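Structure first, then comments.
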Amino acid sequence: MPIKNIPIKIIPLKKLLLVGAGHAHIGLLRRLRGTPLINADITLISEQPQSIYSGMLPGWMAGHYILDDIRIDIAALCKQAGVHFIQQPIVKIDAKSQRVMTADDYDHSYEVVSLNTGADTDMHWLNNADINSVIAIRPLHSFVNQWSQVLAAAQRSKHYQLAIIGAGAAAIELVMAAQVALQRIHPNHQVFLICGDVLLAGFNYKFRHRVIKQLKRLNIEVVYERAIAYQNGTLMTERASLQQSFSMDAVIAATGVTGAAWTTSTDIATVDNGFIAVNALQQSVSHNNVFAVGDVATRVDKDVAHSGVHAVHGGEVTADNLLTFMVDKNKPLQSYQPKNRTLYLLSCGDKYAIASWGSVSLQGRWVWYIKRYIDKRFVNAK
């Protein structure tokens, strides 16, 4: 009896595009490494083949880690997860045509896209003419190279002065790490923190008091004024009608974040100077096949700070939602609900740290070792 030709139904591959190599996408790649997503063509686009872990950056600056300790090999992780890797910066996303354009003039199509590119340092306090003279903390791979140049210049000087602009936890960690590193080179070197009127807004008094004591212990000069310009080695600050100038060999800006440059060239809805507007599902409010998490995104339904803590926990929810959406876009997705109290571990330069959890704060060398354990566990996760 002849065998009848039975038609075979071929299910086309679904195309998932991951843009950026932040905490969320690192977590997703690690999950896919163990259990690849069936019937999916996944590509990750990142400007760099390795990702710098921001939580360990101050420790590297202070000399507690080598660079390899704080880097995650994205290209290798993609290979292990069966994900295509493209090393290119993105310049435009056209959500209507479902395409991402990269700097090599190539268009990458997608059915579902996830954005985890991070954000840029907010430099709006500077005139455009001054921007190139100030070192921005982001992007991190550029900052790593520039910090090495700062250390080299400090080696050649007997009195090197560095200013760090910012009033948040990131600026605090940077200034203490920088002071430890520079004074190891020469005791005459000095780091200044230019923080404006309020230091560590959003943290309770006990935590701020502990931080201020550590700044004093390390002999860091704190200037409660707003920086307005940096030209020809002179940093200008302004407080009411008073203007004051400081001679500085270098200035680092840790002045919060603003939307990444590519967000000016997209039809995806944005808010607050270029952040992708997302709902509780970490899903774009304008395109349901676009997800965004971490510093690139802003929740429109509630106030969620841009921080590594929310990038990691929000990233876990985003990973679940991406996998669910790829299988069946009509299935219900999870919402990310930040906890009322978040654990912050702030490093103080010399293997000392302060912990904050709600109204509770603790400090000591033992806190630093707990932070190191948590950080290394994330970087070296198998």
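From a predicted model like this one, the values you see are computed outputs, not experimental measurements.
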* Ignoring hydrogens and angles, tell me if any N or O in the side chain of D120 forms a donor-acceptor pair with the backbone of T258 under 3.5 Å. => no
* Crowded around N232 CG? As in, over 12 foreign heavy atoms under 6.0 Å? -> no
* Is the shortest heavy-atom distance from the side chain of F207 to the side chain of L200 under 4.5 Å? -> yes
* Has the side chain of R210 got a donor or acceptor atom that lies under 3.5 Å from a matching backbone atom of I354? -> no
* Just do the side-chain hydrogen bond (donor to acceptor under 3.5 Å, both in side chains) check on T266 and K92 with the steps written out, would you? => CA-CA 6 Å; T266 186; K92 182 179 180 181; over 6 Å; no
* Asked: Between F378 and R30, is there a cation-pi geometry (under 6.0 Å to ring centre, at most 45° from the normal)?
  -> yes
* With V100, the side chain to side chain contact (heavy atoms under 4.5 Å, CB included) member among I93, D94, V91 -> I93
* Asked: More than 12 foreign heavy atoms under 6.0 Å from CG of D328: is that the case here?
  -> yes
* Asked: Does the Q283 side chain pair with the main chain of F291, one donor and one acceptor, at a distance under 3.5 Å?
  -> no
* **Residue pairs fulfilling side chain to side chain donor-acceptor pair (under 3.5 Å) with at least one residue in residues 171-196, sequence neighbours excluded** => E173-S347
* To do: Take H84 and D41, measure what side-chain hydrogen bond (donor to acceptor under 3.5 Å, both in side chains) needs, and give me the verdict at the end.
  => CA-CA 8 Å; H84 308 293; D41 178 14; 3.0 Å; yes
* Asked: Do Y369 and V180 share a hydrophobic cluster, counting only Ile, Leu, Val, Met, Phe, Trp and Tyr and linking them when any side-chain heavy atoms are less than 4.5 Å apart?
  -> yes
* **S335 and Q337: side chain donor to acceptor below 3.5 Å** => yes
* To do: Step by step, work out the side-chain hydrogen bond (donor to acceptor under 3.5 Å, both in side chains) result for Q98 and N289.
  => CA-CA 9 Å; Q98 298 186 172; N289 65 335; 3.0 Å; yes
* Any donor-acceptor pair under 3.5 Å from Q48 side chain to H141 backbone -> no
* Donor-acceptor side-chain pairing of Q334 and D320 below 3.5 angstrom -> yes
* Pair D197-Y224, side-chain donor/acceptor within less than 3.5 Å -> no
* R138/D295 salt bridge by N-O under 4.0 Å criterion -> yes
* Does atom CG of D303 have more than 12 heavy-atom neighbours, drawn from other residues, nucleotides or ligands, at distances under 6.0 Å? -> no
* So, do H108 and Y106 have ring centers that fall under 6.0 Å from each other? -> yes
* Under 3.5 Å donor-acceptor, T43 side chain and I86 backbone -> no
* Structure fact -> Y344 meets the ring-ring contact (aromatic ring centres under 6.0 Å, His included) criterion, sequence neighbours left out, with F203
* Looking at R226 and E238, does any basic side-chain N land under 4.0 Å from a carboxylate oxygen? -> yes
* For F85, all residues meeting ring-ring contact (aromatic ring centres under 6.0 Å, His included), sequence neighbours excluded -> none
* Single hit among K371, R377, R372 for salt bridge (Lys or Arg N to Asp or Glu O under 4.0 Å) with D375 -> K371
* Are H124 and N273 linked by a side-chain donor-acceptor pair shorter than 3.5 Å? -> no
* Nearest 0.5 Å, what's the CG-OG distance between N204 and S361? -> 6.0 Å
* With a 3.5 Å cut-off and no angle check, do the side chains of Q88 and T102 form a donor-acceptor pair? -> no
* To do: Keeping the roles fixed (side chain from H25, backbone from G20), state whether a donor-acceptor pair exists under 3.5 Å.
  => yes
* **Atom NZ of K302: over 12 foreign heavy atoms under 6.0 Å** => yes
* Just do the side-chain hydrogen bond (donor to acceptor under 3.5 Å, both in side chains) check on T117 and W262 with the steps written out, would you? => CA-CA 10 Å; T117 62; W262 65 264; 3.3 Å; yes
* Separation between OG1 of T318 and CG of L18, rounded to the nearest 0.5 Å -> 11.0 Å
* Are T255 and W125 linked by a side-chain donor-acceptor pair shorter than 3.5 Å? -> yes
